[in-house]
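Lettering of chains follows the sequences in order, A, B, ..., and the numbering in each one begins at 1. For the numbers below, each heavy atom of this structure counts, side chains included, while hydrogens, waters and symmetry mates do not.
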Number of protein chains: 2
Amino acid sequence: MQKSSQLQMICSCILHFSTDIGINIDMTQNERRAENLTAALRRAGVRMTRQREALLSILADAEDHPEATELQRRANEKVPGISLSTVYRTLSALETEGVILRHQFDGASARYEHSETQHHDHMIDVDTNEVVEFSNERIERLQAEIADAMGYEIVHHRLELYVRKKARS
Amino acid sequence: MQKSSQLQMICSCILHFSTDIGINIDMTQNERRAENLTAALRRAGVRMTRQREALLSILADAEDHPEATELQRRANEKVPGISLSTVYRTLSALETEGVILRHQFDGASARYEHSETQHHDHMIDVDTNEVVEFSNERIERLQAEIADAMGYEIVHHRLELYVRKKARS
DNA sequence: CTCCGTGCAAACAATTTGCATGGAT
DNA sequence: ATCCATGCAAATTGTTTGCACGGAG
């Protein structure tokens with residue numbers, strides 16, 4: 001859906017991230033992901049059906065953050081006739097197992113991603129809806145300090161930057 | 001609804017915040033808020049009705065982050081029979097005018113607050129649903145740097161810490 | 001052969017909207 | 001006297017659930 005480019009960030013201290021990987025997908029990595037997802041469902045003690053297989057492979061391959069209907073569409077290319085209920089039920093099982101993440105950006109529908117990669121936050125391009133991942137250790141640390149200073153411990157957090165491409169200077 | 005206490009944070013650099021103000025409410029401040037809200041609606045070129053007046057005063061007085069139905073309940077104590085549609089319509093007008101903020105914490109209903117105070121982020125106690133405001137200049141700065149480094153400018157952002165009271169050590 | 005997973009349709013919850021009437025200006 | 005704002009009910013959107021059947025184990 002969206003074009004790809006290696007995005008880098010060289011902020012004063014930490015990190016960088018790539019969002020999409022264009023053409024050359026590391027199949028081994030995707031296969032490992034698919035296996036992780038399958039294992040998670042097995043662990044949950046459920047049956048492996050062909051609609052679930054399709055969904056798992058789609059999720060493992062997805063480099064973006066698709067919503068439920070989009071996942072249904074993609075999965076149906078492999079195995080026609082997968083209902084939206086099945087998509088939601090499978091997603092919810094996978095989320096419970098902790099192998100995928102569900103995001104609720106602004107007021108829109110939920111979007112999902114496999115959680116195999118390390119923790120990161122999101123920048124959402126308000127014009128294109130494209131999602132760019134990033135991570136900054138200093139922000140993480142500050143968050144923990146703030147919570148701690150107020151007598152809390154963080155269960156989880158959301159940092160979402162709604163952004164727009166800068167006009168070229 | 002929730003008990004009050006002056007919360008402070010003495011994080012390495014910046015800020016602190018109070019959530020609720022128990023009994024002694026600064027009436028002048030609340031009245032000023034109410035006027036701001038009224039002015040905003042007038043500016044929007046709409047008519048002032050008694051249901052809107054009730055809502056505005058409720059919003060101005062609210063020191064927490066109530067949801068639409070809660071606002072309706074409170075407003076109905078002043079003026080009975082305010083419908084939920086009216087609440088939503090008024091909230092949406094006020095949000096357009098920029099005098100209130102709408103938050104969508106996790107999967108729950110939207111919650112609102114007047115935006116007269118300076119910008120801040122939120123900590124949500126996952127056990128009590130209580131919301132604590134905080135603000136940290138360093139985090140803000142880092143966010144801007146990150147967006148900038150990736151060629152974006154921030155339109156708005158959400159930083160939400162879902163937290164739990166620490167077990168006493 | 002036993003149940004779990006599925007598709008379908010209906011149920012849901014939060015929010016929005018169409019419409020006729022009442023009220024602010 | 002205008003025409004906007006209201007209340008009500010119906011529509012919408014995204015997601016969940018009840019039920020009877022089919023397929024995984």
Side-chain angles (χ1 to χ4, degrees), chain A residues 37-59 65-97 100-113 124 129, chain B residues 37-59 65-73 75-76 78-97 100-112 129:
Chain A
L37 298 179
T38 307
L41 276 197
R42 286 245 144 77
R43 199 184 319 135
V46 299
R47 291 174 185 175
M48 198 51 52
T49 63
R50 88 192 168 296
Q51 22 294 68
R52 277 179 179 167
E53 268 165 21
L55 268 169
L56 296 181
S57 105
I58 293 297
L59 271 169
H65 301 67
E67 26 190 89
T69 50
E70 171 63 12
L71 283 168
Q72 182 193 23
R73 203 191 55 69
R74 293 187 198 174
N76 274 326
E77 285 176 4
K78 295 201 170 195
V79 177
I82 301 180
S83 77
L84 201 46
S85 347
T86 298
V87 175
Y88 277 115
R89 279 189 276 234
T90 304
L91 287 173
S92 129
L94 290 168
E95 198 199 358
T96 303
E97 285 302 304
I100 64 168
L101 292 174
R102 173 193 197 139
H103 302 292
Q104 188 83 28
F105 298 133
D106 260 1
S109 325
R111 298 172 67 172
Y112 303 83
E113 68 174 320
I124 300 93
N129 284 320
Chain B
L37 297 180
T38 308
L41 276 198
R42 287 244 143 78
R43 199 183 319 134
V46 299
R47 290 173 186 175
M48 199 51 52
T49 63
R50 87 192 167 299
Q51 14 307 61
R52 277 180 179 165
E53 268 164 21
L55 268 169
L56 296 182
S57 105
I58 294 297
L59 271 168
H65 300 68
E67 28 190 88
T69 49
E70 171 63 13
L71 284 168
Q72 181 194 24
R73 203 191 55 68
N76 276 327
K78 297 201 166 191
V79 178
I82 300 181
S83 78
L84 200 46
S85 346
T86 297
V87 175
Y88 276 116
R89 278 189 276 234
T90 304
L91 288 173
S92 129
L94 290 168
E95 198 199 358
T96 303
E97 284 303 304
I100 64 167
L101 291 175
R102 173 193 197 139
H103 301 292
Q104 188 82 32
F105 299 133
D106 259 2
S109 324
R111 297 171 68 172
Y112 303 82
N129 285 321

What pairs with B:Ser83 under side-chain contact (heavy atoms from CB on, under 4.5 Å), at least two apart in sequence or on another chain?
B:Ser85, B:Thr86
Keeping the roles fixed (side chain from [X], backbone from [Y]), state whether a donor-acceptor pair exists under 3.5 Å.
X	Y	result
B:Glu67	B:Leu71	no
A:Arg102	A:Ala110	no
B:Gln72	B:Ile82	yes

Just to verify, what does A:Tyr88 make a ring pair (Phe, Tyr, Trp, His ring centres under 6.0 Å) with, not counting sequence neighbours?
none
Five pairs at each end of the helix from C:dC1-D:dG25 to C:dA14-D:dT12: take the axis at both ends and give me the angle between them to 10°.
30°
Could you list by number each residue of residues 38-48 of chain B showing a heavy-atom separation from DNA chain D of less than 4.0 Å, or answer none if no residue does?
B:Val46, B:Arg47
Sub-4.5 Å side-chain heavy-atom contact between [X] and [Y]:
X	Y	answer
A:Asp106	A:Ile124	no
A:Thr90	A:Gln51	no
B:Asn129	B:Arg111	yes
A:Leu91	A:Leu59	yes

[atom2] on [Y] to [atom1] on [X], rounded to 0.5 Å:
X	Y	atom1	atom2	answer
A:Arg73	A:Glu77	CZ	CD	5.0 Å
A:Met48	A:Arg42	CE	CZ	4.5 Å
A:His65	A:Tyr112	NE2	OH	13.0 Å

CD of A:Glu53 versus C1' of D:dG25: gap in Å, rounded?
14 Å
Send over the distance from A:Arg50 CZ to D:dG23 C1', rounded to a whole Å.
9 Å
Just checking B:Thr86: base, sugar-phosphate only, or nothing, at a heavy-atom cut-off of under 4.0 Å?
sugar-phosphate
Just by protein heavy atoms under 4.0 Å, how would nucleotides 10-17 of chain D read 5' to 3' in B, S and -?
----SBBB
Using a 4.0 Å cut-off to any heavy atom of chain B, which nucleotides of DNA chain C are the first and last in contact, reading 5' to 3'?
C:dA14 to C:dT25
Enclosure of B:Arg50 CZ (heavy-atom neighbours >12, cutoff 6.0 Å):
no
